[in-house]
Amino acid sequence: MATIEEQIKSLEEEIGKTQKNKATNAHIGKLKAKIAALRARKEKAQAHAKASGGGPGFEVKKSGDASVALVGFPSVGKSSLISQLTEVESEIGNFAFTTLTCIPGLMEHRGAKIQILDLPGLIKGASDGKGRGKEILNVIRGADMVLYVLDPFQESHFDILDMELWKSGMRLNQREPQVFITRSNRGGIVVRSTVKQTNLTHEEIQEIVRSFGIVSATVTLRTNVTDDHIVDTLAGNRVYSNAVVVINKIDLASENDIQRTMEMIPINWPVLQVSAKTGTGIENMKDFIFENLHFMSVYLKPQGQEADLIEPLIIKDTSTVRDVCAKLHRDFVRKFRYSRVKGPSGKFDWQRVGLDHRLKDGDILSIITRRR
Ligand SMILES: Nc1nc2c(ncn2[C@@H]2O[C@H](COP(=O)(O)OP(=O)(O)OP(=O)(O)O)[C@@H](O)[C@H]2O)c(=O)[nH]1
Ligand SMILES: [Mg+2]
């Protein structure tokens with residue numbers, strides 16, 4: 001009997017051998033669904049093995065307003081960069097695997113506290129657990145942003161790295177697919193779509209859903225979906241994060257080296273060139289991180305007092321009133337009665353809003369809590 005690993009491998013090979021066209025769409029989709037199911041089974045088996053022994057994880061306490069994981073092959077200069085960006089001294093070495101665990105550092109910039117996470121180098125096979133890959137990928141999955149560090153002299157490596165993150169369920173610089181699947185007791189698989197589906201027919205979509213063992217469900221689509229979108233939705237545990245790229249060691253690199261490195265990076269991803277050795281680009285890198293984390297400013301007006309328009313709260317631009325409460329005090333969510341908002345997110349001045357209200361940059365917020 002083949003191991004799960006071998007089964008995945010042979011399915012991947014089959015996809016590789018299958019010509020992609022209209023006639024094979026559903027077939028490929030089903031193979032992908034099978035791979036996703038096998039991976040989920042493997043995760044479960046590994047989690048089980050870990051619970052009964054195995055090494056410790058890299059638990060890091062989250063702190064600050066957002067966190068950024070430094071992701072790269074060994075020796076690309078991750079530790080050199082964190083030492084430039086923060087007060088932390090992470091060991092630097094001219095040999096691979098200098099860093100063996102997760103080292104957090106705090107970067108304060110433009111009013112935000114940003115946690116930077118230095119990690120051991122990732123290698124091919126990391127998503128299968130190679131080189132403590134599972135622990136490293138867990139930290140990466142939990143961070144708000146992935147910061148790839150590339151070395152212009154290891155140019156073939158970006159794809160390998162990115163594939164490891166993809167296999168671990170991360171979907172970078174992508175929107176969560178607008179696919180909604182609700183199981184039902186009878187009626188088979190019903191596909192409803194608000195847009196024209198040109199990648200897959202309804203029958204093909206039904207087949208992919210069925211290969212997850214689902215007999216009856218309503219599938220609602222709001223985008224033109226691919227097989228990956230459906231598999232991702234059904235497999236669950238996908239993480240949709242921002243990613244940016246920093247090319248390090250430009251003090252050593254020629255125009256050509258940099259050009260070659262740039263060509264591997266997806267065209268619309270943010271890229272910055274730096275040298276951790278000379279310090280070139282390090283100040284820009286702080287802005288680069290700050291801007292790509294997408295913060296906003298919200299001003300607070302304590303009950304019965306004037307609003308503080310000098311020192312805003314710096315929070316992620318996806319924050320709700322609940323996020324602000326959680327940040328201010330651990331009791332605020334529990335004691336919350338209501339809040340009022342004036343500014344871009346309010347329909348009118350001092351609109352009364354609840355915990356789920358999405359805030360906007362420049363809002364003034366007043367939170368009203370119970371006394372106890
Ligand atoms: N010339 C040059 N050397 C650099 C630069 N950044 C890092 N290095 C050197 O590259 C080597 C590896 O640096 P580290 O910061 O330890 O690399 P790392 O990515 O943390 O490596 P691991 O912890 O093993 O994954 C060291 O010898 C550094 O001095 C740079 O910008 N220019
Ligand atoms: Mg290191």
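Whatever order the structure lists them in is the order used to number ligands and atoms, beginning at 1.
The side-chain heavy atoms of V149 and V245, taken from C-beta on, include no pair separated by under 4.5 Å.
For E89 and S83, the side-chain atoms include no donor-acceptor pair closer than 3.5 Å. Side chains of N224 and T198: a donor-acceptor N/O pair is present below 3.5 angstrom, by distance only. With 3.5 Å as the limit, one finds no donor-acceptor pair spanning the side chains of T278 and D251. Side-chain contact, H357 with S339: no donor N or O sits under 3.5 Å from an acceptor N or O.
By the criterion of a heavy-atom distance under 4.0 Å, both the backbone and the side chain of T98 are placed next to ligand 1.
Under the 30°/60° scheme for interplanar angles, the aromatic rings of F158 and W269 are found to stand perpendicular.
By the 3.5 Å distance cut-off applied to N or O atoms, K277 is counted among the residues near ligand 1. Distances between N or O atoms of G121 and those of ligand 1 include at least one value under 3.5 Å. In terms of polar-atom proximity, V76 is counted as a contact of ligand 1, with an N or O under 3.5 Å from an N or O of the ligand.
Figure legend: R171 and Y240 shown without cation-pi pairing, the cationic atom not lying both under 6.0 angstrom from the six-membered ring centre and within 45 degrees of its axis.
Near S80, meaning under 4.0 Å from any of its heavy atoms, are these atoms of ligand 1: 6 (N), 7 (C), 13 (O), 14 (P), 15 (O), 28 (C). Annotation for ligand 1: atoms under 4.0 Å from non-hydrogen atoms of L252 are 1 (N). Below 4.0 Å from some heavy atom of N94 lie the following atoms of ligand 1, by number and element: 27 (O).
The option with the heavy atom closest to atom 16 (O) of ligand 1, from among S75, G93, S79, A276, is G93. Of the candidates P152, P74, G72, G77, it is G77 that places a heavy atom closest to atom 17 (O) of ligand 1.
Residues L355 and L300 fall within the same hydrophobic cluster, defined by Ile, Leu, Val, Met, Phe, Trp and Tyr side chains chained together at heavy-atom separations under 4.5 Å.
Taking a cutoff of 4.0 Å between a charged side-chain nitrogen and a carboxylate oxygen, K78 and D118 do not qualify as a salt bridge. Remark: D331 engages R334 in a salt bridge, criterion side-chain N to carboxylate O under 4.0 Å.
Taking 2.8 Å as the threshold, S79 counts as a candidate ligand of the Mg ion (ligand 2), since one of its N, O or S atoms lies below it. For the Mg ion (ligand 2), the N/O/S atoms of T99 include one lying under 2.8 Å.
Looking at atom 23 (O) of ligand 1, its nearest protein heavy atom turns out to be T99 OG1, 2.8 Å. The nearest heavy-atom contact from the protein to atom 29 (O) of ligand 1 is I92 CG2, 3.8 Å. Scanning all protein heavy atoms for the shortest distance to atom 6 (N) of ligand 1 gives N248 ND2, 3.1 Å. Here the protein heavy atom with the shortest distance to atom 8 (N) of ligand 1 is K249 CE, 3.8 Å. K78 N, 3.5 Å is the protein heavy atom nearest to atom 18 (P) of ligand 1. Of all protein heavy atoms, the one closest to atom 32 (N) of ligand 1 is D251 OD1, 2.8 Å.
A donor-acceptor distance shorter than 3.5 angstrom exists from the side chain of E204 to the backbone of T201, with no hydrogens or angles considered.
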